Amino acid sequence: MLDIKFIVENTDWVKQSLGRKGFPAEKVDELINTYLELNKFKTSSQTLAEEKNRLSNSIKSASAEERPAIIAKSKEIGEQFKAEQEKLTKIQAKFDDMILRMPNYPSEESPDGPDDSANVVRRKVGEIPHFDFPIRDHVELMEINDWSEMERIAKVSGARTYAIKNDLAQLELAIHMMVMDKLRANGFTLITVPAISKEKPLYNQGYLPFARDEIYYMPADDLYLSGTAELILNSLRADELLTEADLPILYAGFSPCFRREAGAAGKDTRGLVRVHQFFKTEQFVICKNDVAESDKWHKKLLQISEEVLQDLELPYQVLEVCTGDMGAPKYRQYDLEAWVPSQNCYRETHSCSNITDWQARRTNLRYRENASGKVKFCHTLNNTGIATPRALVPFMENHQQADGTIKIPAKLQPYLGGKKVIGKGAE
RNA sequence: GGAUAGAUGGCCGAGUGGUCGAAGGCGCACGAUUGGAAAUCGUGUGUACCUCUAAAGGGUACCGUGAGUUCGAAUCUCACUCUAUCCGCCA
C-alpha cells in the first residue's frame, strides 16, 4: 500500500514512477479525486458527530424541562449523522479498494521494460557442464533409479503432483536441512509455519486483490492454502508496535506451498518443474524503514541464495527483473536461475525481493524509532532459501553421470550420510 | 464437537451507562540527586484521521471484530473471531 499524502504531494513523480510498471496515470488522478471526496465527507460527518456529542453531554446538566427538546434535537442530528456515515462508508470502501490496487514504486536502478523479455542478466556463475554421453532429463533419471511414482500419484492426487522415493526423497529433505543450517548460521530464526491462512494475510502480503485465481480456497472453513511461508511470516507480527531494538527480524520459514497454476495450463507439464504442492524454505526479513538498510538486506539475501546454488554446485545466472515483470508489491527484484541441461536454458529457482514499506503498510507492521520517537512502517524482504522438488531438476540433470547415477556435492554429503553418489549403479 | 472463563494503551492491570483516551504499576524520555552509577524523587509519555496553522490550536474515531439498544456504551444485547481450562475425538 502507498501513502496517500505522499501521492497528493508528489503526484507527478508518482505517475512517472508507477508508469514504469505500466500503471496508468489516470488511475492516480482518480485515486486523488476519491481521496478529496472522502475527506469532504469526513469533515461533514465529523461536524455532525461533534454537534451530537455536545448535545449528549449537555443533557446531564440540563433541567428536566430542557431535556426533551435537547433529546429531540440530538435524535435528529443522530439521523443526519447516520445518513452521512453511510455515504462515507461507501466512499471509504471505494478508496480502500483503489489504494490496495496501487503497485509499489520500482527502484531507480531497476531496468525499465514491459515484460520478462527486458529482464537483465547481471552475471553468470559456474561452468555449464559438457557431457560426453547422451544426457537424460530428470524424469528419465528418476525412472531408471526407481525414485518416483509419477504416473501412479497422478491417479491418486491429479495432475501436477509428485511422489518421490528412496535416495531422492532423502535428498529432498537433505537439501532443506543444509539450507536451514546456512540460514541459522546467518542469524535467522528457524520457524516452521502452517500452510493454512485466513483471508486478511493474503491482502497484507499483496497477493489479493491481484491473483485470486492462483489460490486454493476452502469454502467450508473460509480458509486458504498458502502459496509461500512469506504469506504467514509477513502477518506473524501484524498490528504489533515493535521497538527499534527488535529489528531486524530474520526468519527461515519452512512450509508446504500450494499453487493452483491456473495461468500455466500446458506449461512445464512434465516432471517436477511446476507442481501444485511443494516444500519451500523461505528467507524473510523485517527491518528498519530505510532504503539503504533494506537494500543491504536485499543484497545479503541474494548472496545467501547464491551460496546455496554454489554449495549445490549448480551453474546459475542472476537476473535483475524489469519494472514490467515485477509483481505489484516489489521495489526491486532479482531472480536466480539454475542451468537445466535437458532444456538447454536457465530456469528459475529463487526470487529475491525488496518490498520496502508496501507490505508493512497493509500489515500494519510498525516500530518506534529511537531517535525521533516516531512510529514508522517496517521494510520487509523475502527470498527463496530453496524450493523442492523444482531444485531437484537442475540438481539431478547437472550432476548426472553416464550410468544414470548422480554425484553429490561435497557440501551436501554430510546431510546424506556421507554418500558421494546416489543411484542404481552406486549401490 | 460439548462446557466454562476471558480479550482494555509498548507491557501488566483497574474500570458494569455520562465526570473514561481510560486509575495504578512497569517500561521509556527528560530533570533533580551522585565523583559516576544504582536506588530515590519530580515531570512527561497512545494510535489513526479530519480541520486549521508559521507554530500552537480545534475536532472525530479507536477498550478483540461486526451489528444493535440509548440523547449518550469500554460498560447493556446479539453474532462472530481468537485465547485458556475441562470433556470427547485424534496424528
Side-chain angles (χ1 to χ4, degrees), chain A residues 1-9 31-96 98-100 192-204 217-224 232 235-247 249 254-256 286 288-289 357 360-378:
Chain A
M1 195 153 69
L2 303 178
D3 180 0
I4 183 62
K5 287 186 178 166
F6 181 85
I7 295 174
V8 170
E9 282 163 21
L31 178 82
I32 292 173
N33 289 337
T34 307
Y35 174 68
L36 296 176
E37 197 188 356
L38 178 65
N39 279 353
K40 261 190 231 155
F41 275 96
K42 273 187 185 167
T43 306
S44 60
S45 97
Q46 282 187 13
T47 306
L48 287 170
E50 188 181 342
E51 173 72 7
K52 188 165 78 85
N53 288 345
R54 210 152 34 85
L55 288 168
S56 291
N57 288 331
S58 70
I59 283 175
K60 61 174 191 287
S61 57
S63 66
E65 303 84 70
E66 291 169 328
R67 280 190 187 187
I70 299 174
I71 288 173
K73 180 73 183 164
S74 185
K75 266 187 171 166
E76 187 194 324
I77 302 269
E79 291 301 315
Q80 288 176 34
F81 173 73
K82 219 171 188 181
E84 202 70 2
Q85 198 69 25
E86 270 168 33
K87 291 184 215 159
L88 178 66
T89 305
K90 271 191 196 147
I91 297 167
Q92 182 76 58
K94 183 181 169 195
F95 174 79
D96 289 347
M98 288 175 97
I99 199 148
L100 279 174
T192 65
V193 297
I196 295 171
S197 175
K198 298 185 186 185
E199 190 174 66
K200 184 62 170 50
L202 287 153
Y203 279 98
N204 291 350
Y217 174 60
M218 300 177 285
D221 300 292
D222 193 23
L223 291 169
Y224 297 81
I232 308 298
S235 284
L236 194 60
R237 313 297 289 266
D239 301 315
E240 288 186 28
L241 183 50
L242 304 167
T243 66
E244 198 173 320
D246 293 326
L247 304 175
I249 295 172
F254 178 79
S255 77
I286 303 170
K288 284 190 283 194
N289 188 308
D357 64 359
R361 283 179 182 277
R362 294 171 165 244
T363 309
N364 195 26
L365 181 54
R366 302 163 303 159
Y367 69 101
R368 194 181 298 281
E369 192 174 65
N370 276 345
S372 66
K374 286 212 171 103
V375 173
K376 294 197 164 184
F377 289 104
C378 302

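This one's a predicted model, so the numbers in the text were calculated from it and none came from an experiment. By convention in this document, chain letters (A, B, ...) are assigned in the order of the sequence lines, proteins followed by strands, and residues within each chain are numbered from 1.
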Checklist entry - For B:G42, which nucleotide in any strand shown is its Watson-Crick or wobble partner with both distances under 3.5 Å? => result B:C30

Checklist entry - Does any nucleotide pair with B:C90 by Watson-Crick or G-U wobble geometry, both distances under 3.5 Å, and what is it? => result none

Checklist outcome for this item: Nearest heavy-atom approach of A:Ser255 to A:Pro194 is CB-O, 4.4 Å

Next on the checklist: Cation-pi check for A:Phe41 against A:Lys87: NZ or CZ below 6.0 Å from the six-membered ring centre and within 45 degrees of the axis, yes or no?
Outcome noted: no

Item to check | Opposite nucleotide pairing with B:G6, Watson-Crick or G-U, both atom distances under 3.5 Å | outcome: B:C82

Item to check | d(CG, A:Asp239; P, B:U65) in whole Å | outcome: 10 Å

Checklist entry - When we call it a touch if two heavy atoms are under 4.0 Å apart, what does A:Ser74 touch: a base, just sugar-phosphate, or nothing? => result sugar-phosphate

Checklist entry - Charged N to carboxylate O under 4.0 angstrom, A:Glu51 versus A:Arg54? => result yes

Item to check | Pairwise P distance, B:A14 and B:C71 [rounded to whole Å] | outcome: 33 Å

Item to check | Position toward the 5' end of RNA chain B (nearest nucleotide), A:Arg67 or A:Asn53 | outcome: A:Arg67

Checklist entry - Under 4.0 angstrom, heavy atoms only, what part of the nucleic acid is A:Tyr35 near: base, sugar-phosphate, or nothing? => result sugar-phosphate

Checklist entry - Looking at the side chain of A:Lys198, which of B:U47, B:U81, B:C50 is the nearest nucleotide? => result B:U81

Item to check | Separation of A:Leu38 CG from A:Ile91 CD1 (nearest 0.5 Å) | outcome: 6.5 Å

Checklist entry - What distance, rounded to whole Å, do you find between the two C1' atoms, one in B:U40 and one in B:G46? => result 28 Å

Checklist entry - If you look at every strand shown and take non-hydrogen atoms under 4.0 Å, does A:Lys73 touch a base, only sugar-phosphate, or nothing? => result nothing

Checklist entry - Whole-Å distance between B:G9 C1' and A:Arg366 CZ? => result 12 Å

Checklist entry - Rounded to whole angstroms, how far apart are CG on A:Leu241 and P on B:C28? => result 16 Å

Item to check | Residue whose nearest RNA chain B nucleotide is more 5′ - A:Ile59 or A:Arg54 | outcome: A:Arg54

Checklist outcome for this item: Pairing partner of B:U47, by Watson-Crick or G-U wobble and under 3.5 Å for both distances, is B:A61

Checklist outcome for this item: Taken to the nearest whole Å, CG/A:Leu242 to C1'/B:C28 is 16 Å

Checklist entry - The side chain of A:Glu50 lies closest to which of these nucleotides: B:C82, B:U47, B:U60? => result B:U60

Checklist entry - Should B:A14 form a Watson-Crick or G-U wobble pair with both distances under 3.5 Å, which nucleotide is its partner? => result none

Next on the checklist: What's the closest nucleotide to the side chain of A:Asn39 if the choices are B:G10, B:U51, B:C71?
Outcome noted: B:U51

Next on the checklist: Whether the side chain of A:Gln46 and the base of B:G59 hold a donor-acceptor pair under 3.5 Å is what I'd like checked.
Outcome noted: yes

Item to check | N-O pairing of A:Lys40 and A:Glu37 below 4.0 Å | outcome: no

Next on the checklist: From C-beta outward on A:Ser56, which listed nucleotide comes closest to its side chain: B:C50, B:C71, B:A48?
Outcome noted: B:C71

Checklist outcome for this item: Heavy-atom closest pair (A:Arg362 atom, A:Lys200 atom, distance to 0.1 Å) is O-NZ, 3.5 Å

Next on the checklist: Can you check the distance between B:G21 and B:A74, where both ends of the measurement are the P atom (answer in whole Å)?
Outcome noted: 8 Å

Checklist entry - Which part of the nucleic acid, if any, lies within reach of A:Lys374 when heavy atoms closer than 4.0 Å are counted: base, sugar-phosphate only, or nothing? => result nothing

Checklist entry - Should B:A74 form a Watson-Crick or G-U wobble pair with both distances under 3.5 Å, which nucleotide is its partner? => result none

